[in-house]
Student: 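My questions all concern the structure below.
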Amino acid sequence: MTQQITVTEHLLLHQKEEPMATGRFTRLLNELILSAKIISREVNKAGLVDVLGFTGDRNVQGEEVKKLDEYSNRVLIHRMARCGVLCAMASEENADIIEIPHGLPTGGYVFIFDPLDGSSNIDVNVNIGTIFSIYRRKSPKETPILSTDVLQKGSEQIAAGYFLYGTSTMLVYSTGNGVNGFTLDPGVGEFLLSHPNIRIPERGRIYSVNEGYYHYWDPATRRIVEYFKNPGNESSKPYSSRYIGSLVSDFHRNLIYGGIFMYPADRRDPKKPRGKLRLMCEAAPLAMLVEQAGGMAVDGERRILDIEPEQLHQRVPLFIGSKQDVQKVLDIYAGKA
Ligand code: AHM
Ligand code: MG
């Protein structure tokens, strides 16, 4: 009867297992869950808004119609700033660290997020999501926040996860003790445990990459993609190609079915020498999840979770998924395969 455990009940059970988890952390997650429910409600209405012709800057009530990614960013910043347990936030949509407004209660956690990943897909009704990452502050309380409180390597995350706004809305997250998935039951408005203890298969059957960039890649990257099309003796069958263009959705599918997602460096494209995806709000949280599920995430050489960030919005090549598939990438880049 796993379906009947709510995310809140799961959190409470989890608190008993791990002294790390506290009531403050539960408050943070509860506020995050409420924010995601609000975003999910708006995402579900996105098509309707178009049908009703709210295409200009203002709707019939004279209110400004904001793009959904801006809306999601505002919801998260507004709500999370008030949960009382954060000392700073950082969003993919904001250039700088977001401080908690003066006068609001603060705490020892840092919250980093991509409010609506894959938002270029909104207009065509393709799945999108919110990715998040949580760290503890390093500097003493009651002192000004430092960039080093936010620029921590992924291995220091105390929790990470995503909300997926798809055919149903899901929360998949980890506090470093495995990965669990919850599905929003719209009838009761609760996330219920639907995917306990997610494990990614050791080897997958799917590769996900934007192959349109093939001519931008270096020879080793091309060899990697050729390998998944024709794994030779290791498997008689080619991998299937699946690419939604919405990281959180591509990642979620591969997490469940097994496979590898790749966004390599585009060495011949001066705009993307380190790929497109961001270390702090995309790669690191998904890397924590995949490792907790038994998979791997690397930049082609290094473990994503070991990379020391230098800038908030730094980009990183990403190879993430089933262990054997990611190991193959490392071997090819190292000239061993
Ligand atoms: P976004 O955060 O602005 O939505 O951009 C990230 C998205 C990812 O969801 C997706 O994997 C990638 O961009 C797709 O990029 P491309 O169109 O170059 O394949
Ligand atoms: Mg994104």
Side-chain angles (χ1 to χ4, degrees), residues 35-36 39 42-43 46 66-77 89-95 111-133 154 160-166 170 172 206-217 221-222 224-225 228 241-255 259-290 297-300 304 309 311-321 326:
S35 307
I39 296 169
E42 288 307 301
V43 167
K66 287 282 181 190
K67 282 163 63 190
L68 262 179
D69 43 2
E70 289 169 38
Y71 174 84
S72 308
N73 198 36
R74 274 192 297 130
V75 168
L76 282 160
I77 292 173
M89 294 184 274
S91 163
E92 189 189 283
E93 300 288 331
N94 293 59
F111 178 64
I112 302 178
F113 60 102
D114 178 352
L116 213 54
D117 176 66
S119 53
S120 63
N121 292 301
I122 294 171
D123 290 347
V124 288
N125 210 357
V126 167
N127 299 355
I128 47 187
T130 298
I131 307 175
F132 62 90
S133 176
Y162 56 84
F163 293 89
L164 178 62
Y165 312 112
M170 276 194 79
V172 175
I206 293 170
Y207 76 98
S208 312
V209 69
N210 188 338
E211 234 169 315
Y213 301 138
Y214 189 89
H215 292 288
Y216 287 150
W217 299 336
T221 307
R222 292 182 194 177
I224 287 165
V225 175
F228 290 114
S241 167
R242 296 280 184 274
Y243 191 74
I244 297 171
S246 174
L247 173 65
V248 70
S249 315
D250 279 310
F251 175 83
H252 181 72
R253 182 202 50 239
N254 292 1
L255 180 69
I260 183 166
F261 175 92
M262 301 178 272
Y263 207 115
D266 288 344
R267 302 212 192 276
R268 295 184 203 183
D269 179 350
K271 282 193 254 155
K272 289 193 277 175
R274 299 184 54 73
K276 176 180 182 188
L277 301 174
R278 280 146 168 130
L279 174 62
M280 299 227 58
C281 59
E282 293 173 323
L286 299 186
M288 176 174 180
L289 289 175
V290 86
V298 301
D299 70 351
I304 293 288
Q311 291 169 0
L312 194 52
H313 294 290
Q314 89 187 52
R315 312 217 181 222
V316 69
L318 180 63
F319 302 86
I320 188 166
V326 177

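Quantities reported herein were computed from a predicted structural model and do not represent experimental measurements. Order of appearance sets the numbers: ligands from 1, and atoms from 1 within every ligand.
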Student: Got the closest protein heavy atom to atom 19 (O) of ligand 1, with its distance?
Tutor: Tyr243 OH, 2.5 Å
Student: State the atoms of ligand 1, each with its element, that fall below the 4.0 Å cut-off from a heavy-atom position in Ser119.
Tutor: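 Reading through ligand 1 atom by atom, the close ones are 4 (O).
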Student: Roughly how far apart are Ile122 CD1 and Lys67 NZ, rounded to 0.5 Å?
Tutor: 8.0 Å
Student: How far is atom 4 (O) of ligand 1 from its nearest protein heavy atom, and which residue and atom is that?
Tutor: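 Heavy-atom neighbour on the protein nearest atom 4 (O) of ligand 1: Gly118 N, 2.8 Å.
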Student: Would you confirm whether Ser246, through its side chain, and Asn127, through its main-chain N or O, come within 3.5 Å as a donor-acceptor pair?
Tutor: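 Looks like yes, one N/O pair under 3.5 Å.
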Student: Is the contact between Leu247 and ligand 1 made by the side chain, the backbone, both, or neither, using heavy atoms and a 4.0 Å cut-off?
Tutor: both
Student: If the Mg ion (ligand 2) is the vertex, what is the angle to OE2 of Glu282 and OD1 of Asp117, rounded to 10 degrees?
Tutor: 100°
Student: Any idea which atoms of ligand 1 are less than 4.0 Å away from a heavy-atom of Asn210?
Tutor: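 Listed by number with element: 16 (P), 17 (O), 18 (O), 19 (O).
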Student: Examine ligand 1 and decide if any of its atoms is less than 4.0 Å from a heavy atom belonging to Glu282.
Tutor: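 Per 4.0 Å heavy-atom rule, Glu282 contacts ligand 1.
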Student: Which atoms of ligand 1 sit under 4.0 Å from any heavy atom of Asp114?
Tutor: 2 (O)
Student: Is ligand 1 under 4.0 Å from a heavy atom in the side chain of Val248, in the backbone, in both, or in neither?
Tutor: neither
Student: At under 4.0 Å between heavy atoms, which part of Phe261 makes contact with ligand 1: side chain, backbone, both or neither?
Tutor: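 The answer is the side chain of Phe261.
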Student: Could you check whether Ser119 and Asp69, counting side-chain N and O atoms only, form a donor-acceptor pair closer than 3.5 Å?
Tutor: yes
Student: Answer yes or no: does an N/O atom from Glu92 fall short of 3.5 Å to an N/O atom of ligand 1?
Tutor: yes
Student: So does Gly118 get a backbone contact from the side chain of Asn121, meaning a donor-acceptor N/O pair under 3.5 Å?
Tutor: yes
Student: Can you list the atoms of ligand 1 that are under 4.0 Å from a heavy atom of Ser246?
Tutor: 9 (O)
Student: On the six-membered ring of Tyr213, is Lys276 placed so that its NZ or CZ lies under 6.0 angstrom from the centre and within 45° of the ring axis?
Tutor: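 That pair does not qualify as a cation-pi contact.
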Student: Starting from the Mg ion (ligand 2), look over the N/O/S atoms of Asp114 and name the nearest one.
Tutor: OD2
Student: Using the six-membered ring wherever Trp is involved, compare the ring planes of Tyr207 and Phe228 and label them parallel, tilted or perpendicular (cut-offs 30° and 60°).
Tutor: parallel
Student: Would you indicate whether Tyr216, at its atom OH, is surrounded by more than 12 heavy atoms from other residues, nucleotides or ligands within a distance under 6.0 Å?
Tutor: no
Student: Of all the atoms in ligand 1, which lie at a distance below 4.0 Å from a heavy atom belonging to Gly245?
Tutor: 9 (O), 10 (C), 14 (C)
Student: Does His313 reach the main-chain N or O of Met280 with its side chain, forming a donor-acceptor pair under 3.5 Å?
Tutor: no
Student: Considering only heavy atoms from C-beta outward, does the side chain of Thr130 approach that of Tyr165 to under 4.5 Å?
Tutor: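 Heavy-atom side-chain distance check passes, below 4.5 Å.
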Student: Report the member of Lys276, Lys272, Glu93 with the shortest heavy-atom distance to atom 12 (C) of ligand 1.
Tutor: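 Minimum heavy-atom distance to atom 12 (C) of ligand 1 goes to Lys276.
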Student: I need the single residue from Leu318, Ile320, Leu286, Asp117 that forms a side-chain contact (heavy atoms from CB on, under 4.5 Å) with Leu277. Which is it?
Tutor: Leu318
Student: Under 4.0 angstrom from ligand 1, any heavy atom of Ser120?
Tutor: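 In this structure, Ser120 fails to qualify as a contact of ligand 1 - no heavy atom is under 4.0 Å.
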